[in-house]
Every structure is written in C-alpha cells, then in structure tokens.
Amino acid sequence: MICIGGIGLLESCSSSNYYAQNTISNNRITLKKSEFVQVKTDGNIQRNYVLIKIDKYKYPLCIYKLDESNYSALLMRCSHKGCELNPQGDFLVCPCHGSEFSNKGVVQNPPAEQNLTIFTTTSDNENIYILL
Ligand code: FES
C-alpha cells in the first residue's frame with residue numbers, strides 16, 4: 001500500500017480522502033449517512049470521516065462520525081496561522097508547524113492555542129445536517 005499526503009495511490013489505501021455528495025439549502029448542508037459507507041468488492045467498510053467542499057469557504061469541512069447519531073463538522077483551517085489541515089485517522093494535523101486537533105476540533109498539540117471552527121450538526125435516520 002502506498003499513501004502520499006493522505007491520498008491513496010491504490011484502492012486499498014484506507015487513509016484516502018473522500019469528498020461526500022451533499023446539498024445546501026438555507027445555510028444548511030445535508031448529506032446522507034450512507035456517504036460514510038465505502039463499498040468494496042470484499043465487503044463494505046465505514047469511513048471515519050468524509051470531506052465537503054463548498055463555495056462559502058476556502059477550506060474544506062471535515063465531517064467525523066463519532067457514533068451512529070453524532071457527528072462533528074470542522075473547518076479545516078488551522079487556528080494558528082491558517083494552513084489547511086490534513087485528516088489523519090481521528091486527528092487533524094497541520095503540515096505547517098505541526099499542530100494537532102481532535103475529531104471534535106479541540107487542540108491536542110501546539111503551537112495552535114485555539115480550537116477549530118465547529119459547526120452545529122444534527123441527524124436523523126438517513127441524513128446528517130450541518131448548520132453554517
Ligand atoms: Fe498550523 Fe502553524 S499554521 S501550526
């Protein structure tokens with residue numbers, strides 16, 4: 001398996017970033033929970049997170065699945081000096097000076113001192129809703 005910068009060169013790379021399909025209406029993003037399911041020939045697997053890119057923000061949003069009904073939606077802008085973060089498992093890591101954030105947007109390692117921008121999320125049986 002070869003992974004460079006979180007982008008998988010082979011299909012089996014589990015850290016590859018996936019941009020989820022979504023719709024936006026009245027400052028609310030809707031995405032299906034099924035976007036967290038990766039269909040593979042040898043069985044489905046669950047993604048820890050998906051990414052969303054919308055016109056309103058220069059940076060993508062990272063949506064983490066915390067459990068079946070709880071999700072976190074984080075702007076991937078480092079609170080230190082604004083570099084775009086890289087998801088690595090349950091953490092977001094800054095390539096510029098090494099800050100790390102949890103999957104809830106909380107600073108884990110400096111030099112960043114402030115948490116990430118966090119969006120309110122709700123969900124029902126089928127969808128996840130992110131309020132912008
Ligand atoms: Fe992210 Fe400095 S910009 S640690």
Side-chain angles (χ1 to χ4, degrees):
M1 172 170 53
I2 300 170
C3 292
I4 298 174
I7 299 172
L9 299 179
L10 301 175
E11 188 180 339
S12 62
C13 181
S14 61
S15 65
S16 61
N17 292 331
Y18 172 75
Y19 282 84
Q21 301 292 316
N22 63 88
T23 58
I24 302 177
S25 176
N26 296 325
N27 276 335
R28 188 178 80 162
I29 299 173
T30 301
L31 70 149
K32 294 191 179 304
K33 286 184 171 180
S34 59
E35 288 290 307
F36 282 82
V37 178
Q38 184 176 8
V39 179
K40 304 188 88 172
T41 52
D42 55 350
N44 296 347
I45 59 172
Q46 287 286 322
R47 295 183 169 98
N48 280 358
Y49 63 85
V50 299
L51 306 183
I52 290 177
K53 184 76 182 118
I54 59 173
D55 291 341
K56 184 172 181 176
Y57 295 104
K58 175 182 168 189
Y59 301 85
L61 275 60
C62 187
I63 319 304
Y64 274 102
K65 181 177 182 177
L66 304 175
D67 60 38
E68 285 306 317
S69 56
N70 291 298
Y71 296 80
S72 62
L74 311 170
L75 188 64
M76 292 172 64
R77 179 190 183 280
C78 183
S79 61
H80 179 230
K81 293 195 183 288
C83 290
E84 185 171 319
L85 301 169
N86 294 324
Q88 291 184 10
D90 285 337
F91 294 91
L92 290 163
V93 179
C94 184
C96 293
H97 313 105
S99 290
E100 291 185 16
F101 303 87
S102 73
N103 61 4
K104 294 180 180 174
V106 177
V107 176
Q108 303 297 297
N109 282 313
E113 296 178 346
Q114 296 185 337
N115 296 337
L116 300 179
T117 299
I118 302 169
F119 300 91
T120 299
T121 65
T122 59
S123 67
D124 58 23
N125 286 342
E126 186 177 355
N127 296 315
I128 301 154
Y129 306 99
I130 302 163
L131 305 179
L132 299 176

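In this text the structure is predicted, and so the values were computed from the model without any measurement. Just so you know, ligand 1 is whichever comes first in the structure, and atom 1 is the first atom listed for that ligand. These values consider heavy atoms only, across backbone and side chains, with no hydrogens, waters or symmetry-generated copies.
For a disulfide, the SG atoms of both cysteines must be under 2.5 angstrom apart; this fails for Cys96 and Cys78.
In terms of the side chain to side chain contact (heavy atoms under 4.5 Å, CB included) criterion, residue partners of Asn27 (sequence neighbours excluded) are, by chain and number, Lys56, Leu132. Annotation: side chain to side chain contact (heavy atoms under 4.5 Å, CB included) contacts of Lys33 (sequence neighbours excluded): Tyr71, Ser123, Ile128.
Protein N/O/S atoms found under 2.8 Å from atom 1 (Fe) of ligand 1: Cys78 SG, Cys94 SG.
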Per-pair distances, 0.1 Å, donor-acceptor, side chain in residues 107-119, under 3.5 Å, sequence neighbours excluded:
unit_1, atom_1, unit_2, atom_2, d
Gln108, NE2, Val106, O, 3.1
Asn109, ND2, Glu100, OE1, 3.3
Asn115, OD1, Val107, N, 2.9

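No side-chain donor from either of Asn17 and Tyr19 sits under 3.5 Å from a side-chain acceptor of the other. A donor-acceptor contact under 3.5 angstrom links the side chains of Gln46 and Lys65, judged on distance only.
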